[in-house]
Number of protein chains: 2
Amino acid sequence: MILTININGISLENIINHFKKYLPLNNEEIQALTSRITERKIKRRQFLLQEGDVCKYFTYIQSGCFKMYGVDDKGVEHNLVFAAEDDWISDISSLHRELPSKLYIEAIEPSVVLQISKGDLWYLYTNFPKFDRNFRVIIEDKYIELQERLLQTFSATALDRYERFMDQYPHLANRLPNTQIASYLGVTAEFLSKIKNDRFKK
Amino acid sequence: MILTININGISLENIINHFKKYLPLNNEEIQALTSRITERKIKRRQFLLQEGDVCKYFTYIQSGCFKMYGVDDKGVEHNLVFAAEDDWISDISSLHRELPSKLYIEAIEPSVVLQISKGDLWYLYTNFPKFDRNFRVIIEDKYIELQERLLQTFSATALDRYERFMDQYPHLANRLPNTQIASYLGVTAEFLSKIKNDRFKK
DNA sequence: AAATACCCTTAATGTAGTTTAAGGGTAAAG
DNA sequence: CTTTACCCTTAAACTACATTAAGGGTATTT
């Protein structure tokens with residue numbers, strides 16, 4: 001059978017296909033999910049979350065690109081993650097504990113997102129265990145990424161980390177300015193510029 | 001009613017209480033879990049996992065303490081996590097993907113662990129959704145910890161990170177040698193020694 | 001009791017990455 | 001068409017941390 005994949009004018013095809021990579025949703029689960037989703041269009045430089053706010057949503061990105069970052073006491077931004085189309089972004093710490101976030105989530109490009117509120121997400125978890133399963137696997141994959149990155153940060157040079165980033169995230173590499181990549185790698189834009197240049201001179 | 005909490009001479013009280021912090025297990029779930037658990041006594045310096053091995057188990061620590069670390073191409077160890085009693089440890093990446101691990105898990109103290117094999121864990125996930133839920137929350141908490149640590153690594157000095165570690169993990173702080181803490185903080189033991197001393201001289 | 005293996009510290013020297021400052025490029029906004 | 005705002009690069013001085021080397025302490029092994 002074929003399902004309607006536009007409800008209230010919201011295109012839901014992407015998110016439904018997204019879950020097919022895990023345990024695919026049945027019609028009842030799709031209905032439960034899609035009736036709890038809000039679509040938002042986000043402009044470049046617009047924030048989904050700012051320091052001090054409590055994070056209210058788990059956000060699926062239909063199109064566009066976001067960065068989540070913290071700002072240190074000198075005012076320097078440190079990018080924790082990028083997330084583009086068909087990915088999730090949220091400050092899970094703030095969402096779970098309902099405490100003010102220390103982070104910002106900001107659009108790098110004009111974007112369209114689908115958001116689920118914490119209450120709705122809890123409803124889905126409680127009534128449809130498949131969401132527990134799917135989000136367990138999603139978060140496990142993110143945990144693995146983060147752990148590999150932490151190890152790299154300790155054990156590899158900035159150039160190694162840069163090359164690995166370019167290999168691992170080709171869909172991000174060519175649309176992000178070097179300032180943002182530098183902040184993700186944990187170096188200044190000046191230093192990134194230097195090591196990229198040194199590499200060619202060899 | 002009161003359950004037997006020793007099966008085949010294995011003390012299961014701790015792990016059952018552990019799950020009470022999340023969604024507590026009912027008798028059927030306890031039975032399913034405990035019949036799939038293997039107890040092992042581990043000596044100091046003994047490995048649960050070595051680089052090149054495929055990680056086969058999710059491990060609950062009854063007593064003792066472990067470190068998980070990677071070794072860089074210069075042979076230097078970098079501690080990713082410590083885990084002590086009433087905590088879990090595993091290389092989730094290797095466990096999931098069934099690929100050789102790049103990490104070591106080594107006992108820092110004589111320890112007793114309860115292990116669940118990947119197959120048994122998948123059985124529990126499939127037949128008792130509560131395990132999906134509980135492990136989702138467990139891994140989410142670990143993700144939050146890791147994310148905070150990564151941000152700190154970028155934005156705080158080694159002294160800040162040291163003081164924060166001592167505050168946050170008092171149950172680890174006083175039983176770990178400084179060499180191990182230095183490796184966790186991402187600095188050399190020599191430098192840690194220096195900054196601790198500089199602090200007092202002020 | 002001696003020997004080995006860790007562990008902690010101090011200090012000199014070396015280096016990866018920062019800071020500051022400056023100049024030039026390109027895209028968006030008026 | 002000009003202005004503003006980012007973005008990228010170069011280069012010099014600076015700083016946080018690494019490396020090497022050495023000495024002393026304490027626990028574990030022989």
Side-chain angles (χ1 to χ4, degrees), chain A residues 43-46 65 67 69 71-79 82 106-110 150 152-166 172-202, chain B residues 43-46 65 67 69-79 82 104 106-110 150 152-166 172-202:
Chain A
K43 292 178 192 163
R44 186 162 179 259
R45 313 242 161 146
Q46 191 179 339
C65 184
K67 59 177 174 177
Y69 61 92
V71 178
D72 69 23
D73 32 276
K74 288 176 190 155
V76 180
E77 295 180 9
H78 301 276
N79 287 338
F82 298 117
E106 183 183 339
I108 296 178
E109 300 172 1
L150 188 66
Q152 248 193 92
T153 301
F154 285 152
S155 64
T157 66
L159 179 58
D160 288 341
R161 280 179 276 147
Y162 174 71
E163 289 178 338
R164 177 115 178 238
F165 176 81
M166 300 306 274
L172 292 171
N174 299 312
R175 63 210 255 202
L176 294 174
N178 283 332
T179 46
Q180 296 304 319
I181 296 175
S183 165
Y184 178 91
L185 297 176
V187 298
T188 57
E190 291 86 346
F191 189 64
L192 177 57
S193 174
K194 180 178 188 299
I195 59 183
K196 279 168 65 178
N197 231 284
D198 291 352
R199 181 179 52 164
F200 282 117
K201 284 176 186 159
K202 277 198 299 191
Chain B
K43 291 179 192 165
R44 186 160 179 262
R45 313 241 162 147
Q46 190 179 340
C65 183
K67 59 178 174 177
Y69 61 92
V71 177
D72 69 23
D73 32 279
K74 289 176 190 156
V76 180
E77 295 180 9
H78 301 276
N79 286 339
F82 297 117
Y104 297 81
E106 181 183 339
I108 296 177
E109 301 172 359
L150 187 65
Q152 248 193 91
T153 301
F154 285 152
S155 65
T157 65
L159 179 58
D160 288 341
R161 281 179 276 147
Y162 174 72
E163 289 176 338
R164 178 114 177 241
F165 175 81
M166 299 306 273
L172 294 172
N174 299 311
R175 62 208 256 202
L176 294 174
N178 283 332
T179 46
Q180 295 304 318
I181 296 175
S183 165
Y184 179 92
L185 297 175
V187 297
T188 57
E190 291 86 347
F191 189 65
L192 178 56
S193 175
K194 179 177 187 299
I195 60 183
K196 279 168 65 177
N197 232 284
D198 291 351
R199 180 178 53 164
F200 283 116
K201 283 176 187 160
K202 277 197 299 191

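Protein chains get the first letters and strands the later ones, always in sequence-line order, with residue 1 at the start of each.
- A close approach under 4.0 Å does not occur between any side-chain nitrogen or oxygen of A/T188 and OP1 or OP2 of C/dG17.
- Under the 3.5 Å distance criterion, with hydrogens and angles disregarded, no donor-acceptor pair is assigned to the side chains of B/Q152 and B/D160.
- Under 4.0 angstrom from either OP1 or OP2 of C/dA27 there lies no side-chain N or O belonging to A/R44.
- Judged by distance alone, with hydrogens and angles left aside, the side-chain atoms of B/N79 form a donor-acceptor pair with the main-chain N or O of B/Q180 at under 3.5 Å.
- One interatomic measurement links the two molecules: CZ of A/F154 to P of D/dA18, which rounds to 10 Å at whole-angstrom precision.
- B/K194 places its NZ atom 18 Å from the P atom of C/dC8, with the value rounded to the nearest Å.
- Here the side chain of A/V187 is nearest to one of C/dG17, C/dT10, D/dC17, namely C/dG17.
- Separating the CZ atom of A/F191 from the P atom of D/dC14 is a distance of 19 Å, rounded to the nearest angstrom.
- Taking atom NZ of residue B/K43 and atom C1' of nucleotide D/dT29, one finds them 15 Å apart after rounding to whole Å.
- A/T179 comes within contact range of the sugar-phosphate backbone alone, with a heavy-atom separation under 4.0 Å but no base atom that close.
- Rounded to whole angstrom, the span from the CZ atom of A/R45 across to the C1' atom of C/dA27 amounts to 11 Å.
- Taking atom CG of residue B/N178 and atom C1' of nucleotide C/dC7, one finds them 9 Å apart after rounding to whole Å.
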